[in-house]
Amino acid sequence: MGITNKINNYLKYKNRSINKHKVHSPFVFRLITEVFEDNNKYSDYIKLLKLQNQLNTSHRLLETCDFGSKSGNKNYISYSESVATLNKKRSLRNKDLFLVYRLVKDIAPQKILELGTSFGVSTLALKLASPKSSIYTIEGCANIVEIAQESFKQFNINDIEVINGSFDIEIPQLLNKIQEVDFVLIDGNHRKEATLKYFRCCLEHINDNSCIIIDDISWSKQMREAWIEICKNPKVSITIDLFHMGIVFFRKGIPKQNFILKADY
């Protein structure tokens with residue numbers, strides 16, 4: 001998506017987004033006031049910022065593979081880049097990272113699936129927010145997985161199941177093994193058909209209390225199209241558009257509503 005389209009999309013978002021006083025859903029209103037607006041300075045934030053800073057200042061050169069949109073019409077491309085450069089491109093923004101942390105802390109899911117481990121910052125946020133959860137994370141690049149595992153060891157975490165492989169192969173196999181998933185973070189392969197494919201795959205294994213977060217929903221025209229299609233899915237009850245990130249819920253008994261919220265969190 002060109003810079004002009006990004007600006008236009010952001011202006012549309014700003015014009016259509018609402019604050020909590022215009023939200024008439026008790027479920028979403030509670031989420032805003034108790035989770036989005038939770039201003040507690042959790043000690044875990046310090047750990048996340050420490051890891052983020054380490055990665056953002058690492059000049060270690062890494063041979064990496066990209067299986068997502070950057071690969072174009074190829075299955076993947078290989079190239080070398082510093083850890084710092086890659087992390088700045090691939091990791092969640094700090095405010096989004098903290099929001100994911102608070103959402104997981106609030107939901108307390110038993111089984112968490114992350115698609116796109118990168119260097120493990122968001123994975124660490126998931127684990128710190130819900131230490132007793134079973135966490136499964138999938139990453140396509142073996143060299144990136146190696147650094148993510150180094151990150152986990154630094155914080156004495158050894159019970160995250162990191163899977164190195166193709167999303168197309170690993171996601172169905174993992175979901176068939178664990179049967180049900182309560183929280184999903186999709187942050188990899190930013191293409192429309194891939195995003196929809198992974199979302200639909202997860203749909204077969206969710207429950208009424210499950211939550212799916214999709215990062216970078218405004219990253220490209222394709223991602224916006226994918227998000228719009230997800231919002232229309234009949235299994236979806238509540239969606240929250242925060243411009244950079246989309247949140248999806250499946251609560252039964254709640255009227256279907258799509259919210260575009262001001263990202264004041």
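Hydrogens, waters and symmetry mates play no part in the numbers below; they use all other heavy atoms, side chains included. Count residues from 1 along the sequence. Only a predicted model underlies this, so the values are computations on that prediction, with no experimental measurement involved.
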Indicate the atoms forming the closest heavy-atom contact of [X] with [Y], along with that distance.
{"X": "K177", "Y": "E161", "value": "NZ-OE2, 3.1 Å"}
{"X": "S130", "Y": "P109", "value": "OG-O, 3.7 Å"}
{"X": "T85", "Y": "E81", "value": "CG2-OE2, 3.4 Å"}
{"X": "R191", "Y": "M223", "value": "N-SD, 3.9 Å"}
{"X": "V121", "Y": "L48", "value": "O-CD2, 3.7 Å"}
{"X": "S58", "Y": "S82", "value": "O-CB, 4.1 Å"}

Would you mind reporting whether [Y] and [X] have side-chain heavy atoms less than 4.5 Å apart?
{"X": "K256", "Y": "V236", "answer": "yes"}
{"X": "I144", "Y": "T117", "answer": "no"}
{"X": "T123", "Y": "F152", "answer": "yes"}
{"X": "Y136", "Y": "I112", "answer": "no"}
{"X": "I206", "Y": "F249", "answer": "no"}
{"X": "L92", "Y": "K95", "answer": "no"}
{"X": "I157", "Y": "L124", "answer": "yes"}
{"X": "F259", "Y": "D241", "answer": "no"}

Would [X] and [Y] show up in the same hydrophobic cluster when neighbours are defined by side-chain heavy atoms closer than 4.5 Å?
{"X": "I18", "Y": "Y265", "answer": "yes"}
{"X": "M245", "Y": "Y10", "answer": "no"}
{"X": "L49", "Y": "L51", "answer": "yes"}
{"X": "I213", "Y": "F243", "answer": "no"}
{"X": "F250", "Y": "L175", "answer": "yes"}

Matching residue for I163 among I138, V145, I171, I169 - test: side-chain contact (heavy atoms from CB on, under 4.5 Å):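 The side-chain contact (heavy atoms from CB on, under 4.5 Å) with I163 is passed solely by I138 among I138, V145, I171, I169.
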Check V100, T137, D215, L97 against S122 for a side-chain contact (heavy atoms from CB on, under 4.5 Å) and give me the one that passes.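 The option that passes is L97.
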More than 12 heavy atoms of other groups within 6.0 Å of K232 NZ: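 Count not over threshold, so no.
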Could you tell me if the ring centre of F98 sits under 6.0 Å from that of Y101?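 No, ring centres 6.0 Å or more apart.
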Please determine if K47 forms a cation-pi arrangement with F155, meaning its NZ or CZ atom is less than 6.0 Å from the six-membered ring centre and no more than 45° off the ring axis.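 That pair does not qualify as a cation-pi contact.
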[atom1]/[X] to [atom2]/[Y] distance, rounded to the nearest 0.5 angstrom?
{"X": "Q257", "Y": "I240", "atom1": "CD", "atom2": "CD1", "answer": "10.5 Å"}
{"X": "L55", "Y": "S151", "atom1": "CG", "atom2": "OG", "answer": "5.0 Å"}
{"X": "L103", "Y": "L99", "atom1": "CG", "atom2": "CG", "answer": "4.5 Å"}
{"X": "I247", "Y": "T239", "atom1": "CD1", "atom2": "OG1", "answer": "10.0 Å"}
{"X": "I260", "Y": "L242", "atom1": "CD1", "atom2": "CG", "answer": "10.5 Å"}
{"X": "R200", "Y": "I230", "atom1": "CZ", "atom2": "CD1", "answer": "8.5 Å"}

Full working for side-chain hydrogen bond (donor to acceptor under 3.5 Å, both in side chains) between D182 and N207: CA-CA 7 Å; D182 308 294; N207 55 62; 2.8 Å; yes
Using modelled atom types only, decide if a donor and an acceptor are shared between the side chain of [X] and the backbone of [Y] within a distance under 3.5 Å.
{"X": "N176", "Y": "P172", "value": "yes"}
{"X": "H205", "Y": "V181", "value": "no"}
{"X": "N164", "Y": "G140", "value": "yes"}
{"X": "K111", "Y": "I135", "value": "no"}

R30 and D106: salt bridge (charged side-chain N to carboxylate O under 4.0 Å, His left out), yes or no, with the steps? CA-CA 11 Å; R30 186 204 70 82; D106 181 69; 2.8 Å; yes
Ion pair check, [X] and [Y], cut-off under 4.0 Å:
{"X": "K235", "Y": "D208", "answer": "no"}
{"X": "E193", "Y": "K197", "answer": "no"}
{"X": "R102", "Y": "E34", "answer": "no"}
{"X": "D38", "Y": "K105", "answer": "no"}
{"X": "R60", "Y": "E150", "answer": "yes"}
{"X": "K127", "Y": "E114", "answer": "no"}

Go through the steps for V184 and F199 under the test side chain to side chain contact (heavy atoms under 4.5 Å, CB included), then give the verdict. CA-CA 9 Å; V184 183; F199 176 79; over 6 Å; no
Please assess Y79 against L86 for the test side chain to side chain contact (heavy atoms under 4.5 Å, CB included), listing each intermediate value before the final yes or no. CA-CA 11 Å; Y79 59 98; L86 286 167; 3.8 Å; yes
Could you walk me through whether S91 and Q52 satisfy the side chain to side chain contact (heavy atoms under 4.5 Å, CB included) test, starting with their C-alpha distance in whole Å, then the side-chain angles of each, then the deciding distance to 0.1 Å, before giving a yes or no? CA-CA 8 Å; S91 281; Q52 195 79 285; 3.6 Å; yes
Candidate pair E180 and Q110, rule side-chain hydrogen bond (donor to acceptor under 3.5 Å, both in side chains), full reasoning: CA-CA 9 Å; E180 194 169 72; Q110 291 185 343; over 6 Å; no
Test log, rule side chain to side chain contact (heavy atoms under 4.5 Å, CB included), inputs S78 and E63: CA-CA 7 Å; S78 298; E63 173 98 23; 3.8 Å; yes
